[in-house]
Each structure stands twice: as C-alpha cells, then as structure tokens.
Student: 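Structure provided below as structure tokens; questions to follow.
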Amino acid sequence: MSSKTKKRSLFEPAIVKRALWDSIKKLNPLHQIKNPVMFVVEMGSILTTLLFFHALFGRGEASPGFILHVSLWLWITVLFANFAESVAEGRGKAQADTLRRTRRDITAKRLSRPDPHADVSEVISSQLRKGDFVLVEAGDIIPMDGEVVAGVASVNESAVTGESAPVIRESGGDRSAVTGGTTVLSDWLVVRITSNPGETFLDRMIAMVEGAKRQKTPNELALDILLAGMTIIFLLVTVTLLPFSLFSVRAAGQGSPVTITVLVALLVCLIPTTIGGLLSAIGIAGMDRMIQANVIAMSGRAVEAAGDVDVLLLDKTGTITLGNRQATEFIPTAGVDVRALADAAQLSSLADETPEGRSIVVLAKERYGLRERDIQGMGVVFVPFTAQTRMSGVNFDSRQIRKGAADALDTYVRTQGGTFPPDVREIVDDIAKRGATPLVVAEGQKVLGVIRLNDIVKGGIKERFAEMRQMGIKTIMITGDNPLTAAAVAAEAGVDDFLAEATPETKLKLIREHQAGGRLVAMTGDGTNDAPALAQADVAVAMNTGTQAAKEAGNLVDLDSNPTKLIEIVEIGKQLLMTRGTLTTFSIANDVAKYFAILPAAFIPIYPALGKLNIMGLATPQSAVLSAVIFNALIIIFLVPLALRGVKYRPLGAQVILRNNALIYGIGGLIVPFIGIKLIDMILTALHVV
Amino acid sequence: MTGNGVLQIVVYFGILLLLARPLGIYMARVYEGDPSVLTRLFGPVERFFYKFCGINPDEEMGWKRYTAAVLVFGAAGFLVLYLLQRFQGALPFNPQKLPSVAPGLAFNTAVSFVTNTNWQNYGGETTMSYLTQMAGLGVQNFVSAATGMAVLVALVRGFKRHSAQTIGNFWVDLTRSTFYILLPLSVVWSLLLVSQGVVQTLSEYKTVSLTQAISYEKPKLDDRGNPVKDARGNPATERVHVKEQVIPFGPAASQIAIKQLGTNGGGFFNVNSAHPFENPTALSNFLEVLAILLIPAALCLAFGKMIGDLRQGWALLAAMSLVLVSFTCWCAWNEQGGNPRFGALGIDQTASESNPGGNMEGKEARFGIVNSALWATATTAASNGSVNAMHDSFTPVGGMVPLCLMQLGEVIFGGVGSGLYGMLVFAIITVFIAGLMVGRTPEYLGKKIEMFEMKMASLAILIVNALVTIGTAFAVSTKAGVAGIANPGPHGFSEVLYAFSSAANNNGSAFAGLTGNAVFYHIALGIAMFIGRFWVIIPVLAIAGSLAKKKHVPAGLGTLPTHTPLFVAFLIGVVLIVGALTFVPSLALGPIAEQFMAAR
C-alpha cells in the first residue's frame, strides 16, 4: 500500500496558524449555538465581561481583578474549544486544497457521437454534462467522471488515490470507470460523462474532507441531547443557588449571597465543557483518520456504522486467498517416480503462462531441483487450453504430455488406448474432498500422477479473523467455488462461515437475512454485480479500481483497493465512539473535584463551617474559583491530541474494554482534577495573581 | 453500630431477597397471562370486570393510547377523590362528623394519592372520614400503585417485543396488578398486622380517663392564633389540666397493608407508623418495613423473568441493594453516633446495657435506632414515605440520607413500578455512556439506544430535578414559602428542600417541622407531585413505544454485557453522580452546613 497522504503531524504549523484565526472567527454566537454547551460558556463569558465593566465603573459584586481573571479564562475556554475544532478541520482543509488543485477547468474534446473519429469540439470541462462523450488522449487530463465506452489506455490516478503506478482502463468489464482529474498516459479513451459539474467523485471527496457538508451522526446527536440535558440541569442548579444563598444569608444572619461571577464560574465548570468542546473535533478527526487510511467516506454515518459491524462479508479471491491457486504437491501413481511426474508436469507447464502453470514450474524447481528449460530450442509445440478439451500440454519429439481435469484426462487416455488407473481416481477424489484442485498429468496413454493445486490463504489473515472474533464480528467468506472447496478454504483461513457458489442474488439474500436478524453487515466489492449487495449492506466499501456502479453503491471508497481495509475501517469507527464515550465520562467525573473547589469558596461567607469541604486546602476563595476555571479550560487543550488521535482500540471483549476505560477515564477523571486544581492554585498563589 | 444492629440489617435484607424471587416470578406469570392458582379464584371476577367496563382484554394499545389511558384514569381518580373530600361532611361513614375538607387541602391530597405520593398536609384521624379513607384514599392506594406497575410492564414489553407497534393494554395491566398482586398480598398482610394488634374497626373514637392526670403549660394565643407575649416580652402561657384522652380508631390494618405494599405511605393516623395502633410491635414493624421494599424488589426479578434473562433483574436489584445497604448503614451509624452538640457537651451517647445511646429524639423506644434508620432509608429509597420515626429529629447528616435517597430520583427500589422504570431510564443512560466507551452504538437488552431514547430519558431525569430545584428556590424566595418554615438556619432550608424532593419524586415522607397545611404548599407541592409523576410516565411510555418498534439485536462478543458486577458498579456510579452533582450545592447549604456547625 503506497500512500500519498503523508502522515500529517498533529500540529503542523500551517494548520495551527489557520486554526488560530478560525477559532477567533468561530466566536460568532451564530456558530456557537450549534453546540449548546459551548454556547452557554460564551454567554457566561459575555456576562462576566459586563460584570467586569460594572465593577470597574460602579459598585461591582467583587473586585474587578477577580472578575476579569474569571472572564478571561472563560473566553479562553471557548477559544480552546474552537481551536480544537479548527485544527481538526484544518487537516481536512489542507487535504481538500490538494484535491482542489486537480479540479481546475481544462479544455475537453467533446465528441458528437461515441466514436474516436467523430467531430471534436473543444469545450471547457465545466460545461460538460451527463451523457456527453469526450475523447481523451495520451497526456490529457480526464475532464470529468465517466465510463469508458471505447479504447484502452493506461491512466495515472495518483491525483485521487496517491498510487503512482498507472492502471489500465478499458471499455466493458469492471475496469471501465474513470475519475475526473486523472491523467491518461498512453493511448486514447472515449468516455461517456456520468456526472454533472459539482457532483463528481472529486467534488464529493473535497466536500467530505473539508467537512463542509458535515452532518452530525446519529450517536453524536444522541450524545448532544444528553449533554444538552445535563447543561440544563446544571443551569438550574446554579441559577437556583442564588435564591438558596439569599435565603441562607437571612437564615444565618451573616455573609453575602453568592456572586454572579462565581455562579457563572461554577456553571461553566459543571457543564460538560470537556466533551462539549471536543465533540465536533472528534467527529472531524474520525473522518480524517479514514482519509489517512486512504478511505473516502461518503457520509459520517458510514464511519460510525463501521464501529457497529456484526457481520463481515469478504470475497475469497484476492481478500482471503492470494489471487490464484498454486501447486503444492506432486502425487505419482503406483510405479511412477515422483521426479518423473514432476519433470513431465514442468515440461507441460513451461509454456503455460497462467499463474497455476507458473506455480507448477516453481514447485518442481523448489522441490526437485528441476531447472527451467529453454523450450524454444527443443522444438516444443504448446497445446493450449480450450474449453472443448479442458486440458493443455506440450508435444515434442515423440512425447505428448497433457495435464487437466480428471475426467478430461480420463477421456484422453482412453482414446489413446490406455486406462485410467483406479489409484489415481482415489487420489483425485481425496484431493477434491480436501478442498484443493487436482490436475492429472499423463504422457501418451500413461497416467503419471496428480498435481495438487491449493488456494493459498494470505499470511496473517487467520490472526486478523481471530481478532475480529474477539471484537465480536462474524466473518463470512463469499466464493463461487463448490461447497467442498469453500469449506476447506474457510477452515484454513479461520472464517466463521462461508457462502459457496455465490451469485449476486444469494449474496443479497444473505445480507438481508442477517439484517433481518438485527445485525449490521459490512462488505467489500468492486464489480458491477456486487452493486446490489453493496447498496444493501450497511457498510459498503467499494474498491476504487471498481466500476462506477460499485462506487455509487458503496458508502466508503477504498483508494488503495485493499479488501482487508475493512478491518481498519471497523477499528476507526470504534475509536470514534470510544473517544466520545471516554471523554464524556472524564468530563462528568471531573465535576466532583470542581464542587470541592468552588462550593466552600462560595459558601464560606455564609457558613464558615463549610470551610471543612475545602479538602484541597486551596489558598483563598478567589484562587479556588479561578483554579477550577483555569483547570477546566486547560484540560480541553490537553485533550486535543487525544480527541484527534482517538482512544486506542484493542480487540478485547467489551467487558475488558469497559473496565479499562472506566478505570482510566472514570476513576482518572475523578482524581486528576484534584491534583490539577491544587497545582494551579499553588501557582496562582506563588504568582500573587489573586 | 452495635452487633445487634448489624444483625437486624442482615436479617432484613436476607429475608427481603429470599422473598423477592418467588414473588417476582409469580408477577411475571401474571403479566404474561399465564394461569396460576389465583386465576381460578379471580379469573371469573376479572372477566366479569372487563365485560362490565366494556374492555376488550385482547386489544393492544400503542404507546400514545396507553399514555392517554393512564392520564384519563389519573384524572378520573383525582376528580372522585377531590369530590369525596369536599362532600364528606354530607356523606355516610363519618361517625366523628368530620367537616368537609377545604379546597386547597383537598386538591393537594387528591393529587398526592393519585400520584402514589401520599404527601399528607393533614392528620388522618382529625380530617378524613372513614368513607374518604376507604373509598377514596384506600382505593387510590391500590390503583395508583397498580398504575405504576402497569407503566413498568409496558416498558418491559418495549424491551421484549420487536418490530411491534403496541405495548399492551393498560386496563388489563391495571386490573391484573390489583387483583392478582396487590389485593392478595394486602389480605395476607392485613391479617398478619391484625394479629399483632393493629386496629381494624368502623366504631367511633373512644374517650377514656387517664390513669394519671397530667398538666402542662400551653402557649396563650390571641383570637387570630398569634402567640401572646407577657409584660416582659416572653411568650405567655396558661396551665392546662388533662384528665381524659380521645383514642382514635378506624379500619387501619387494611389501609396500612396496602400503604406499605403499594409504596403509598399515607398513614391512617397523623404520626403514621410511629402510632401504636398502626405499628404496635417489633414484629409488626418488621412486617411493615418488609412490605415497603417487597414488591419493588420482586419487580426487578419479574422484569428479568419477562425479558427472559433473570440475571438482568438481579443486576438491577444488586445495584439497588448495594446503594440502600450502604445508605442504611451510614444513617444508622450517624444516628448511633448521637447528637453532635451533645457530644460537644461531653454527654456519653454510647450504647450500653441500660442505654440505647445515640440520637433517640423523635424515635420510638420500641423500635430503636437501627429499625428507625432502616425504616427511614427503606421508606425514602422506595417512594413510600411512611415513617416510624421523625426524620426532622435525625442528626443533620443522618437526616440527609433519606433526603438523598429521594433526590436520587426514587430509583433505589423506588415506588412500585415507578422505581424500576426510573432505574431503567438510568440504565439506558448508563448503557449509552458505557456503550460508547466500548466502541459500539449502545444497546440495552438487545435494543439500540438512539436519539429518541436519549431525548426521553434526559427529559425524565431533567423534569424531576428541575421541579426540586425550582420549587425549593421559589419557596425560599417567597413570603408564603418562608412562613411555613419552623426552624432557623440551615435546618429550615432542609425542611423546604425535603418537602420538594419528597413531592417531586412522589415519595410523600415529610420532614416534620414544615407547616405544609397552607395554600402555598398545597398548590406548589401539588403541582410538583403531578408533574413529577405524569411528566415522567409520558417519556417512559414513549421510550417503551420506540423500543417496541425496534429490531432485536442479538448479543455478541462486542456487546456490552449488562448483568455483570462491572455494569452494576457503573450504573451505581451514574445514579450517584447525577444525583450528587444536582443536589450537592443545596445539601451543602442544608444538612452539611448544619452538621459542620454542630460539630464545631
């Protein structure tokens, strides 16, 4: 996997510079109101600012210096939250700028009809519409997304995929889709335009990475509601403290009611600003992590859904096994030396350019030291595979060597006057039963033995499936093979289930069945015949090399076209949810310490005995309130890297993950602020700030 | 705490948990319509009842219709109860010729009993006729409890069903709760209580001569009821000689059985279960305090049984029990520790052979500290509200325990039905946070918890907390509200806070001291009780409807298990933190300040 997306460091100077400016611009209340928690903080900042001027020019409720400090730190809290969001967006924007550079207007050669020799009129690419035909020749940039209707060409798609090796695009089949902004390197193509300007793949990619059309995902909305609910509760708690304290002043006959500045400080400390301030940054960063993995999500919903996947459908070929079968063993019939079999098998395969054929040559060389021979000089005649004979081989001198399926060879040796030995039949059956493919080798009328061809399961894939099982995800292998072969490969690869002799219909049916059972299904696909299943799946990863239909049906597009990418996608989805959950827990747990800082400070004038609640031993009521506010602001900025990177996901059971996270973020969230607030108080006191 | 005290707590919880399982499984069968011994007995009655009322028991309701039925039934109950009180003077079964109840009090009492709160701004023996007690209050004791149970069952069906539009039939759930659960249990409990000497009669009050006449100084009042001061500015008093006493009677045992079992708590007599005719012996005390938590505990297991995973029920019961046991021990320990001011004076308050020790003010000598603490915590954990000791006289921090238990939202056992549905709302919020933490869209009992559920769950919690804070703030900032406060300083604040916590959470226990029998508190607490009940029921039933529509998600390795000790701990954490974060500031100005000041 090569990647053009250089891993951007978390705080790249250019991004930070832009983010700083953006965080000021985001102070606009119209922007803040989308996030109720931070909107409340901004209102508090404005209120305390007014109180400061009131104290400065009139009889304020507290010293202007104290109010100013609180007010400043409240503004900083808002700015920190804005900054977190801007940094997250900035990374996407930088990416979008790179993409946008490839989307400049170019001159396209419009054809009057889908024929390379038709009349060409030159138009600006933005004037092209769906259904137009264009001619693209070597050196040209493809003006718009489309489908090849004629021609074959090599195309450099690095602008989109980051992959510099050119790919072949041709009409018909699964390699007919071309993307606007990519460059034709050789030959020519006639392309039918399939999207209008502004709707192209590149446009959608830019919109996604930029977060311009970012819609809140379902879980994010639900969390938003919880946070808003808590904000209202804390608003009530703090607002009612004013009458409570007024009554208490009368009841105690001493002291003064809680000041509005302290109430605002208490409110801001209590409402979940940590998660509220980082929530949108977490969401944007999740999309960004997808982009880093070279996956384009067509919606945020898909990213989130990836974390919930229960069932994973994977194509056997290319995903679980290496693309082709390989020879793994020569089994001679009785009375034949294995070397003689290997020799014959190699000879028959020397001219066979299929991967299977090559693997036979390699096996003979590795196992029996038979070197490749130069067949050109030996007067060898290659007999290619045909659908009629269903075998291939060579003729040279007087030798006629053939290899092929057992029944084809049976017929062949009989016509040559030989017999098909029963022990070979047994070997053939045995190999088939084990899920491998037998190839029988014969010379003239004599059967020499059998070559076993195996599906080669990719290295490390078994471990990944074990990981998936740990995560609670069921893996299902999809294959066109017969059930016997499928079962054998499934067992070797360690998938939980398989679908043999799969057709587009059976795939679709399988997905629907799982969905009816309440499960979330993910699958990868590239061909046009995958499109219905992709459209049905909850998380559908289309390969970028795939057809336009597949890409339209998928909600994620993998630019690397790497089918095992789904595993990474699932992890990113889970990380996204975990980061939100852990920071929410942390944010709420923090409140306990803040109460111990602010409540005694607020109530000591009324009931001095409440000074006993000041278990942190904070210096003065003012320093206590200010320390809590400062801690509350600083924790946001400290947690920005965590929000952007995401909480680390390990494939452990849900129970273990909850335990670990509850310990770190729950218990940690209880303890950390006690230490933090005390430290800040010590610094404030040392600096004589209040 | 003494060894004996610990033993009493252990025995109590032991027997409670022992009885919870069989009763829970029985209740599950009742709601699923499975036949039992009692079906043969009540089956014909039930069917006749449906026919009589024109109810089709097989008809299923969607959540909106179910809610409408709950509301209509509540409104009708309110109207009947209000009118009964207003016209009791002209109605039969009134041997004491008690006058009709004033509008404000009648409103408050009607709301109070319909909402299963049973906050009482009156003394039963001096205000309510036997007819009002039996046909009004007694009936609501049954049906308000049955309403809570019906709503719970509807919510459980929401979890249980999938891709369904309906959540059951309210009338059937209501009828079954009453006929098969509340009535039989009440009969058993009434008989047990009568055996202990609890009165059950329709005869009028008796006047008897005192064996020893007493006299005391009574503050002199002028015509308008204000205290008269003497020449030196001290309150003037007059000497009163008392030779005889009026002993109130009534059909108490039957009322007490249901008031305990149905987490109602409205006493037949003014001092509730501290009265010797309501609660004469140690055994009657045990039976009554057992009855408080019996159905709420058993409902957890009924829930587990109904959703087909008893462990889920045990998990919720474990969470409730753990919180309650710790709070009970904390309360008993503080009460046994005694009055901090006495401690400062060097008075020995330790328990010994001849002295119970601790803070005995406001407690019945026949129950002692542990049983008073156990009752106080049980009655406020469950939204019962009956008392066998005066919570106002507890030590500040000891008295804070019942206050906190109410402020947690009445989900630690809670009211019959309402406690568990409240706890399930908390479980939904817990699952949401915990579920996100394991990286999956949260699921509870196979149902995805999404935006709508969060909206409704947040609303349910928000409304009650808002009622308590806003209500208290309103009371302490208005003249009428402050007028009812008896004690100065933080204790006075605690009284108001307690009243609104009790009303909004539908508990009904009172921190004596606050004079609630005034128009301000009639109205304010009445509103708090009404909203605290029905505006929680509506979101809960909305959740039920939304869950029932969802598909069932089978559990896998990635699913967060919700029956494990870890989840129980997380649930307790969420309940405590939400409660603590909301109420710590007000508690600091009330009991906490009082305790610290006293301990100086």
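Every chain is numbered from 1, with letters handed out A, B, ... down the list of sequences.
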Student: Side chains of B:Lys447 and B:His162, heavy atoms from C-beta outward: is any pair under 4.5 Å?
Tutor: yes
Student: Is the centre of the B:His491 ring less than 6.0 Å from the centre of the B:Tyr498 ring?
Tutor: no
Student: Is chain B contacted by the side chain of A:Gln470, its backbone, both, or neither, given a heavy-atom distance below 4.5 Å?
Tutor: backbone
Student: Go through the atoms of A:Phe244 and report whether side chain, backbone, both or neither lie under 4.5 Å from a heavy atom of chain B.
Tutor: both
Student: Flag the one option from A:Leu242, A:Val656, A:Leu583, A:Leu223 with the top tally of heavy-atom pairs under 4.5 Å to chain B.
Tutor: A:Leu223
Student: Is A:Ser248 in contact with chain B via its backbone, its side chain, both, or neither, using a 4.5 Å heavy-atom distance?
Tutor: side chain
Student: If you count heavy-atom pairs under 4.5 Å with chain A, which of B:Pro490, B:Ser477, B:Gly446, B:Gly573 comes out on top?
Tutor: B:Pro490
Student: Taking B:Glu450 as the fixed residue, which of B:Lys550, B:Lys549, B:Lys455 is the one that meets the salt bridge (Lys or Arg N to Asp or Glu O under 4.0 Å) rule?
Tutor: B:Lys550
Student: Any chance the side chains of B:Thr441 and A:Glu304 put a donor and an acceptor closer than 3.5 Å?
Tutor: no
Student: Could you check which of B:Ile485, B:Thr472, B:Asn487 has the highest count of heavy-atom pairs closer than 4.5 Å to chain A?
Tutor: B:Thr472
Student: Picking from B:Leu560, B:Leu589, B:Ile592, which has the most non-hydrogen pairs under 4.5 angstrom with chain A?
Tutor: B:Leu589
Student: Is it true that A:Asn590 and A:Thr274 share a donor-acceptor pair across their side chains at a distance under 3.5 Å?
Tutor: no
